Student: 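Let me give you the structure first, and then I'll get to my questions.
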Amino acid sequence: MVTGVEISPREAEVLELVGARLSNAEIAARLFISVRTVESHVSSLLRKLEVQDRRALARRAPTSAGAAPSHRAPVLPAPLTSFVGRVSERTELAEMIKAHRQVTAVGPGGVGKTRLALAVAAEAAGEYADGVWFVDLVPVTDPDMTATAVAGALGLGEQPGRDMTESVVAALADRHALLVLDNCEQVVHGVALLIERLLARCPRLTVLATSRARLMVPFERVYAVPPLSLAVDGESDAVALFMERAAAVGWPLDPPLYDQVAAICARLDGMALAIELAAARYPTLGLDGITIALSHPLRMLTGGSRADERHRSVRAALDWSHALLEPADRALLRRVSVFAAPFTAAAAAEVAGIEEGMADEGLIADGLARLAEQSLLVVTASPGGTEYRALETIRQYGTERLAEAGELVDARSRHLRWCLAKATGLAVVREDWRARFDLVADDLRAALAWAAGQPEQRTDAYDLARHLAELTYTRNLTGESQRRYEQAAALAIDPAATASMLRQAAAVAGCRTVGDDVYRLHRASADAARRAGDTAGAAADLATAATTAFRFSTLFVRIPPREEALALISEARELAGDDPAAQAAVALAEAGVLADAFGAAQGPPGNAVPETIARAERAVELARRTGNPLAESAALDALTGAQSWAGDTFAAAATARRRIMLLSSMPISPAGTHELIDALSMATEAGLGAGDVPGARRWARQLADHPSLAEVGHRATCRLLMVDALAGNVDEVLTGSVRFLDAWRRAGSPARSFLRPAATGVAMIHGLRDDHDARREWQEVLDQLGTTPEHTYGYGAVFDAMLLLHHGQAPEALERMAPEPGHVWKWVTWIWLHWYVALRAEAAVLAGRPDSRDRLAEARAVVAGNPVAGAIVERAEALLDDDQEVLLATVDAFGAAGCPYQYARTLVLAGGDHAERGRAVLAGLSLAPMAPAPTPMTTSER
């Protein structure tokens, strides 16, 4: 119960995490629910607590959640055994992370770096308002995947248009937190680059890393983790650890044995891992047996890296433990070291079968159990059965043993084949697909990292890279998917395969809204196609690159100039020959570049409309002949633009709907998804331009719910916000704007032009509510997004005019829309033409302009057939003629068109009892009362 308001336990959890400034994606990951469910709870809390935005909701969290802690609980793994000793080390390391923003705890494998870091982080958690985050980098074998691992720990997903590093930086930019990066040694370069970015842009973040080697960066402060203290004045952390672990396995030691235990710990150099292994052997060997085993000649490795002082003690302990194994178990230990992630007995039987007749799963399971008893494997229960995992130091030890035995290539090759089989099996997506992929993903990456460097494995490496690209795309890891497709292209032996992979990479880049990469990759695929002798394919790639430069110009950082695109088209024409697909691609490029069918940023200020339509229609016809729905959809997009430039709003809407129908039965693919998202966007906008508000909202809702946009709420909701703002669906705008703003800020506040209409619409809604603080906040968002001609003359004029008319400022509204549509045609012709001319006519009537009748006639001719714009014009004429019957007829028209704001506005304009009803509807929409409208002059008064 919160100030008399009943909230559910789940809502209380969500409220607490909102107060902790987590994003919806982070909350979903923490509570194991979907992002959409989180949005629903946030919307419910906004309504129940009667607050208007997420910021206000966060301020209610401490009181509302009741038991909400003042600091976030540390996001740390729970050790299964107690932490022993190290009082001085904990104090020293804690002081270092207070004084410095990046500290690396350095020491040999097995010295206890991780446990010390966990202990210090847990004790320091209360000092960090946004908590402690722990990232285990053990499974990461590729330095480029470091940011992905951190993003996973933070609960972040892929951000189209941004790499994972930028997503992590954006998420932590304003956090006062401690980030613990554990086991950095195999990805030092990736960690160093990531930390440098984090420290530069996250001023209140502290990073504690553990590694066998220094990161070797200027900002690093190193803490050398010493071995456990040996016997000094009767006190020894090493002895305390040994006795604690021996007691834990049911064999407590008597105090008189202290000196003997101390001698063993000294022989082990105080190394925590070695001591733990020795203590685990106490029940079977006793102290005397352990002492004898430590004298085994294999306790020390010599030669090469084995003489490295940092590793000598751990290797001594591992050598000793290894020497106690039967030969079959030794072979099993070294062969399962190829697994980067937890594995099952069945997987081990397939990858690490010992000898003929020994690959039986039962025998392997028995061997794994013996290794687990020796503390060489960790056993965990999972939904898929018992899983085993080797600690990283032991896994690396096993890998070295593989090399010594001359088995490394064979074992890695078996692991590669196992990974290929797993990847192939994942091609069919089932209900448990995500969990199954996550279980093997790190192994797929590790196998690929090895195979990519083996010339004799190049074919299998190519296949695995291609599979991993497809799988990561399905997993919505689009940034990695694009990299894997590019990796597959580099590994392909056949240049035709290279071209194919580069085209797939370009499609994924399109899904990520990275126009520069789409352009680069199509040009690269053209080069590969030429090498393969596929001149038609090269022509299509070059033409597609040119089309991309104009069709998606708003997605570029560096917009290719028109001259560059023209040169690509010229080259494509020469190569196309009589190939239908190439000719269709060239025709589309000509429509987009020569006739500017897409209204590109680098396009000319005016279009020769007949030429634009002719070129677009030719592109559609040629694409249709190819039988390729994706090519036809792209050409229809050009025709949609051409029809809009011609002022044929209804034809543009019909063409946009045709694209949806064409793509509806397409199988899921990067290119198909990219095309579908664009088609839904265009259908939304074109439908809204034609006055089909319910249809536009239906397409916009599909966009908002599309799984590939789940982690980019600003992109997912921008069209829906625009529709709801124009319709007057206030609650939906307030709820959706929370998701938009949160996701946009976490994405680094990108200045994308397609986001501006949504932000303008939200600002207008707050203006209609007289919420000046919220409107000012959204004006700041618009300032960051930037001002464009579309804002000045298109959607900006429409939204501003609606707000001015609401406040009774008809002359100001008319001034805001002063330019004739033909003078600023490119900015209003698209979806804003009907809204612009209808509101402009209404403003003229309410401002008492003597030419109002003429303006109404002109507007009626333009908007004929548009249910919303037509009703606005009818309402304006009824006001001019003082025709109450016609005026009230428009009330029903607005209701049927799905426009509650215009419905209420018309009732208020009707006056009398109708005005009371209208004011009640406005109040129900949480909107401020309308200012009294001026009485238009009658014809006789003029």
Side-chain angles (χ1 to χ4, degrees), residues 142 144 413 416-417 419-428 444-445 447-475 477-512 514 517-545 548 568 571-572 575-577 579-582 584-585 626-628 630-631 666-675:
D142 182 353
D144 291 337
S413 298
L416 174 61
R417 290 193 295 273
C419 286
L420 278 168
K422 288 294 181 183
T424 302
L426 286 165
V428 178
L444 301 184
R445 292 163 178 147
L448 178 57
W450 173 78
Q454 308 297 314
E456 67 278 8
Q457 301 288 349
R458 185 169 177 176
T459 299
D460 284 345
Y462 163 77
D463 287 339
L464 185 54
R466 177 173 53 83
H467 281 305
L468 192 53
E470 295 165 353
L471 295 171
T472 50
Y473 177 79
T474 302
R475 185 64 172 78
L477 298 173
T478 51
E480 181 178 359
S481 177
Q482 180 183 330
R483 291 197 302 275
R484 298 305 181 188
Y485 274 123
E486 293 192 55
Q487 185 177 19
L491 289 167
I493 298 173
D494 180 3
T498 297
S500 175
M501 292 297 98
L502 289 171
R503 290 172 191 136
Q504 290 286 69
V508 178
C511 294
R512 300 177 63 223
V514 186
D517 280 0
V518 180
Y519 185 74
R520 168 181 63 83
L521 289 164
H522 274 299
R523 297 194 66 172
S525 65
D527 292 339
R530 278 199 199 92
R531 294 196 301 273
D534 180 11
T535 55
D541 285 321
L542 292 170
T544 302
T548 298
L568 292 177
E571 188 176 358
L575 296 172
D579 182 83
T626 68
N628 182 348
L630 297 180
M666 287 285 294
I668 296 175
S669 69
T673 298
H674 181 211
E675 195 65 33

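Remember, predicted model here, so these are calculated numbers, not experimental data. Numbers for residues simply follow the sequence, beginning at 1.
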Student: side-chain contact (heavy atoms from CB on, under 4.5 Å) between Thr544 and Tyr519: does it pass, once the steps are laid out?
Tutor: CA-CA 8 Å; Thr544 302; Tyr519 185 74; over 6 Å; no
Student: Less than 3.5 Å apart, any donor N or O on the side chain of Tyr473 or Thr673 sitting next to an acceptor on the other?
Tutor: yes
Student: Rounded to the nearest 0.5 Å, what separates atom CG in Leu464 from atom CZ in Arg484?
Tutor: 8.5 Å
Student: How long is the straight-line distance from CG of Leu471 back to CD of Glu480, given to the nearest 0.5 Å?
Tutor: 10.0 Å
Student: Specify the closest pair of heavy atoms between Thr498 and Ala492, including all atoms of both residues, with the distance to one decimal.
Tutor: OG1-CB, 3.5 Å
Student: Donor-acceptor pair, distance only, cut-off 3.5 Å: does the side chain of Ser481 make one with the backbone of Ala469?
Tutor: yes
Student: Rounded to the nearest 0.5 Å, what's the gap from CZ on Arg417 to CG on Asp460? Could you check?
Tutor: 8.0 Å
Student: Side chains of Tyr485 and Leu468: does their closest heavy-atom pair fall under 4.5 Å?
Tutor: no
Student: If you compare all heavy atoms of Ala451 against all heavy atoms of Leu416, which two are closest, and at what distance to 0.1 Å?
Tutor: CB-CD2, 3.8 Å
Student: Counting C-beta onward and ignoring hydrogens, is there a side-chain heavy-atom pair between Leu521 and Gln504 closer than 4.5 Å?
Tutor: no
Student: Side-chain polar contacts of residues 534-542 - donor-acceptor pairs under 3.5 angstrom, sequence neighbours left out - could you list them?
Tutor:
residue: Asp534; atom: OD1; partner: Gly537; partner atom: N; Å: 2.8
residue: Asp541; atom: OD1; partner: Arg503; partner atom: NE; Å: 3.0
residue: Asp541; atom: OD1; partner: Ser525; partner atom: OG; Å: 3.1
residue: Asp541; atom: OD2; partner: Arg503; partner atom: NE; Å: 3.1
residue: Asp541; atom: OD2; partner: Arg503; partner atom: NH2; Å: 2.8
residue: Asp541; atom: OD2; partner: Ser525; partner atom: OG; Å: 3.1

Student: Ignoring hydrogens, what is the shortest heavy-atom contact between Ala507 and His674? Give both atom names and the distance.
Tutor: O-CB, 4.2 Å
Student: Please report the shortest heavy-atom distance between Ala505 and Glu486, naming the atom on each side.
Tutor: CB-CG, 3.8 Å
Student: With rounding to the nearest 0.5 Å, note down the distance linking OG1 in Thr478 to CZ in Arg483.
Tutor: 9.5 Å
Student: Decide yes or no for Gln482 and Arg512: does some side-chain heavy atom of the first lie under 4.5 Å from some side-chain heavy atom of the second?
Tutor: yes
Student: What's the verdict on side-chain contact (heavy atoms from CB on, under 4.5 Å) for Met501 and Arg466, showing C-alpha distance, side-chain angles and the deciding distance?
Tutor: CA-CA 8 Å; Met501 292 297 98; Arg466 177 173 53 83; 3.8 Å; yes
Student: Rounded to the nearest 0.5 Å, what's the gap from CG on Asp517 to NE2 on His522? Could you check?
Tutor: 11.0 Å
Student: Are Arg530 and Leu575 close enough that some pair of their side-chain heavy atoms sits under 4.5 Å apart?
Tutor: yes
Student: Taking the side chain as C-beta and beyond, is there a heavy-atom pair between Leu491 and Leu448 under 4.5 Å?
Tutor: yes
Student: So does Ala545 get a backbone contact from the side chain of Arg523, meaning a donor-acceptor N/O pair under 3.5 Å?
Tutor: no
Student: Out of curiosity, Trp450 CH2 to Gln454 CD, how far, rounded to the nearest 0.5 Å?
Tutor: 5.0 Å
Student: Does this structure show an ion pair linking Glu470 with Arg475, if we count only N-O contacts that are shorter than 4.0 Å?
Tutor: no
Student: Identify the heavy atoms of Ser413 and Gln457 that sit nearest to each other, and give their distance.
Tutor: OG-NE2, 3.0 Å
Student: Considering only heavy atoms from C-beta outward, does the side chain of Leu444 approach that of His467 to under 4.5 Å?
Tutor: no
Student: Would you mind reporting whether Tyr462 and Ile493 have side-chain heavy atoms less than 4.5 Å apart?
Tutor: no
